[in-house]
Each structure stands twice: as structure tokens, then as C-alpha cells.
Amino acid sequence: MGREDDRLHLLYEVTRRLATFTDLDELLRYATGRTRELLDAEGAAVMLLDPARQEFNFGVASQSETHQATSARLLKIRFPAHLGVAGWVLAHDEAAAVPDAQQDPRFYNGVDQVTNITTHAILCAPLRARSGNIGVIEVINPARPPAADDLEFLETLASDIAVAHEKAALHERLRGEVIGLRQVCRVAGLGLLALGALLALGAVYVQLGLALPVRELPTRQGVLDGLICLLVGALLSAVGRGWLSRGGAAARS
């Protein structure tokens with residue numbers, strides 16, 4: 001029951017952190033590290049799919065103390081997404097437990113050659129997103145032979161990790177759109193400020209050129225149009241610079 005409680009606690013913690021996380025890598029490091037500890041495994045990693053190149057890359061990797069030096073090497077490895085147990089899981093959208101990797105025809109030993117670690121057993125589950133599978137989470141060499149409940153636990157964790165990636169991707173997309181809109185507002189604001197100044201100055205020039213009473217200036221259409229353009233332009237410029245947003249106010253304080 002203790003092991004089951006630990007797994008439930010990890011799933012709860014990951015779900016809880018999903019609501020407020022600001023650093024995806026930090027969340028993944030926590031999830032993979034705790035998973036490796038709970039399964040008493042030599043390593044746990046999230047491998048993400050590069051759809052353009054159809055390759056796997058190691059997004060985050062957690063290694064046991066005896067293999068800490070391999071973590072940096074793992075993060076530099078890329079290999080075709082159709083290879084290995086990971087490639088099979090990705091393509092078939094099905095989690096897999098492999099008790100003897102060396103005897104499994106799906107096994108790809110390219111990673112072992114780089115890390116100098118011999119993979120004996122593998123647990124692997126797909127990261128399912130609405131757009132399709134975006135990668136896998138893989139655990140190698142757990143202390144005991146892979147069991148059905150281990151695979152079920154890993155699949156549940158994989159679902160939470162996929163949600164985290166979707167949330168991070170949505171945040172980045174929205175951030176890009178906001179930046180784009182602010183740039184448009186800044187350009188439009190500067191244009192209206194320039195137009196407003198020209199209209200107002202033109203009205204003043206005409207008023208003075210015709211020797212008309214200065215007190216009548218506020219009633220001239222050119223002045224009114226110029227003031228409106230200046231006001232709208234100032235507001236758009238403020239929006240473009242983030243001065244009217246809560247984040248902009250916080251950044252200045």
C-alpha cells in the first residue's frame with residue numbers, strides 16, 4: 001500500500017502543479033525524477049517527437065546516482081522516431097512493458113552505445129495530445145520485472161505530461177499573438193499620433209493665416225479631429241507598450 005500511496009501522491013502533485021506551473025522543464029524533471037525513484041529504476045526520460053525531422057530528442061532525463069554523468073549525453077541524442085520500443089509505442093499508440101529488451105526485436109541499442117548503459121527492461125507509454133502523439137515517457141531497468149500496474153501508472157502520468165506540454169504550447173502561442181497585437185497597436189498608435197499632430201497644427205496654421213480669432217480654435221473640425229487622433233493614438237501606444245495591462249504595471253513597479 002505504501003508504494004501505491006506514493007504513486008497516487010505523485011500523480012496528485014503533478015496534477016496540482018499543472019494548474020499553476022510556469023516552467024515546463026521543472027515540472028518534467030520533478031515527474032521523471034520521482035517516477036524513477038518510485039520504480040527504483042536506472043533512468044526515466046521524456047522523449048519528444050520533432051515532427052519536422054521525424055526524430056526523437058530527450059526533453060528531460062533523470063538518471064540514478066551511478067549514471068548521473070549520462071544525463072547530459074542523453075539530452076544531445078536524437079534518433080529516428082520509428083526506431084526502438086519508443087518508436088513502436090509512438091506509432092501504435094499503445095504502452096509497452098518489455099522485460100528483456102536485448103531479446104526484443106523492437107529494441108534499438110543506439111542510445112546504449114552512447115551512454116554505455118545496458119538496457120534490460122523497459123516501460124514506455126505514449127504522450128497523447130489532441131493533435132496526436134507528441135512523444136513518449138520511458139523508464140529503463142526498474143528494480144523488479146515490469147508489471148501491469150506499473151504500466152497503468154506510467155500511462156496515467158503520461159497523460160498529465162501531455163496536458164502540460166499542450167498547456168505550455170498554448171501559452172507560447174497566445175504570448176506570440178499578444179506580442180504581435182501589441183506591435184500592431186504601437187504602429188497604429190504612432191501613425192494616429194502623427195496624423196493628429198498634423199491635423200491640429202494644420203488647423204492652427206489656417207486659423208492664424210486667416211487672422212481668425214484664436215478663441216475659435218477649439219471649435220475647428222481639424223483641431224477636434226486632431227485631438228481625437230492624438231487621444232486614440234496615445235491609448236493604442238500605451239496598449240502596445242503594455243502600460244495598461246496588469247503585467248506591464250507589475251514590470252514597472
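Remember, predicted model here, so these are calculated numbers, not experimental data.
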Check for me, please, whether Leu28 and Tyr30 land in the same ILVMFWY cluster - side-chain distances under 4.5 Å, paths through other members count. yes
Any side-chain heavy atom of Phe79 within less than 4.5 Å of one from Phe58? yes
When you check the gap from the basic side-chain N to the acidic O, do Arg128 and Glu155 get nearer than 4.0 Å? yes
Please report the interatomic distance CG(Asn133) to NE2(His92), rounded to the nearest 0.5 Å. 12.0 Å
Quick check: does any side chain N or O of Gln102 sit under 3.5 Å from a backbone N or O of Thr119, one acting as donor and the other as acceptor? yes
Is Leu198 reachable from Val232 through a run of hydrophobic residues whose side-chain heavy atoms are each under 4.5 Å from the next? no
Is there side-chain contact between Val139 and Ile122, with at least one heavy-atom pair below 4.5 Å? no
Closest non-hydrogen atom pair, Cys229 against Leu199: SG-CD1, 4.1 Å
Shared hydrophobic cluster, Leu231 / Ile228 (ILVMFWY, side-chain heavy atoms < 4.5 Å): no
Between Asn141 (side chain) and His120 (backbone), is there a donor-acceptor pair under 3.5 Å? yes
So how far is it from Leu230 CG to Ser237 OG, rounded to the nearest 0.5 Å? 10.5 Å
Output yes when a side-chain donor or acceptor of Glu166 lies under 3.5 Å from a complementary backbone atom of Arg130, and no otherwise. yes
Closest heavy-atom pair and its distance - Ala41, Ile140: CB-O, 3.4 Å
Nearest non-hydrogen partners of Leu236 and Gly189, listed with the distance: CB-CA, 3.7 Å
Looking at side-chain heavy atoms only, is the closest gap between Arg182 and Arg241 below 4.5 Å? no
Side chains of Phe56 and Arg78: closer than 4.5 Å at any heavy-atom pair? no
Pair Gln183-Val187, side chain to side chain contact (heavy atoms under 4.5 Å, CB included): steps then yes or no: CA-CA 6 Å; Gln183 289 174 342; Val187 172; 5.6 Å; no
Please find the pair of heavy atoms, one from Val89 and one from Val136, that lie closest to each other, and give the distance. CG1-CG1, 4.0 Å
Spacing of Arg186 atom CZ and Leu181 atom CG [to the nearest 0.5 Å]: 13.5 Å
When rounded to the nearest 0.5 angstrom, what is the spacing between CD1 in Ile117 and CG in Asn109? 13.5 Å
Would Tyr108 end up clustered with Leu75 when hydrophobic side chains under 4.5 Å apart are linked, directly or stepwise? yes
No-hydrogen, no-angle side-chain donor-acceptor test under 3.5 Å, Asn57 and Asp50: no
Taking the basic N atoms (NZ, or NE/NH1/NH2) and the acidic carboxylate oxygens, is any pair closer than 4.0 Å for Glu37 and Arg34? yes
Would the distance check show the side chain of Gln103 and the main-chain N or O of Asp100 forming a donor-acceptor pair, the cut-off being under 3.5 Å? no
Hey, are the side chains of Thr115 and Gln63 touching, using non-hydrogen atoms and a 4.5 Å cut-off? no
Of all heavy-atom pairs between Val239 and Cys185, which one has the smallest distance, and what is that distance? CG1-SG, 4.0 Å
More than 12 foreign heavy atoms under 6.0 Å from CD of Glu152: is that the case here? no
For the CG atom of Leu27 and the CG atom of Asp160, what is their distance to the nearest 0.5 Å? 8.5 Å
Counting only N and O atoms by type, is there a donor-acceptor contact under 3.5 Å from the side chain of Asp104 to the main-chain atoms of Arg106? yes
Let me check something: do Trp88 and Phe107 share a hydrophobic cluster, defined by ILVMFWY side-chain heavy atoms less than 4.5 Å apart, either directly or through other members? yes
Measuring only between side-chain heavy atoms, which start at C-beta, is Thr32 closer than 4.5 Å to Thr35? no
Which atom of Cys124 lies closest to which atom of Glu138, heavy atoms considered: SG-OE2, 3.9 Å
Presence of salt bridge, Asp150 and Arg144, under 4.0 angstrom: yes
When Leu90 is tested against each of Leu127, Leu49, Val85, Ile134 for side-chain contact (heavy atoms from CB on, under 4.5 Å), which residue passes? Leu49
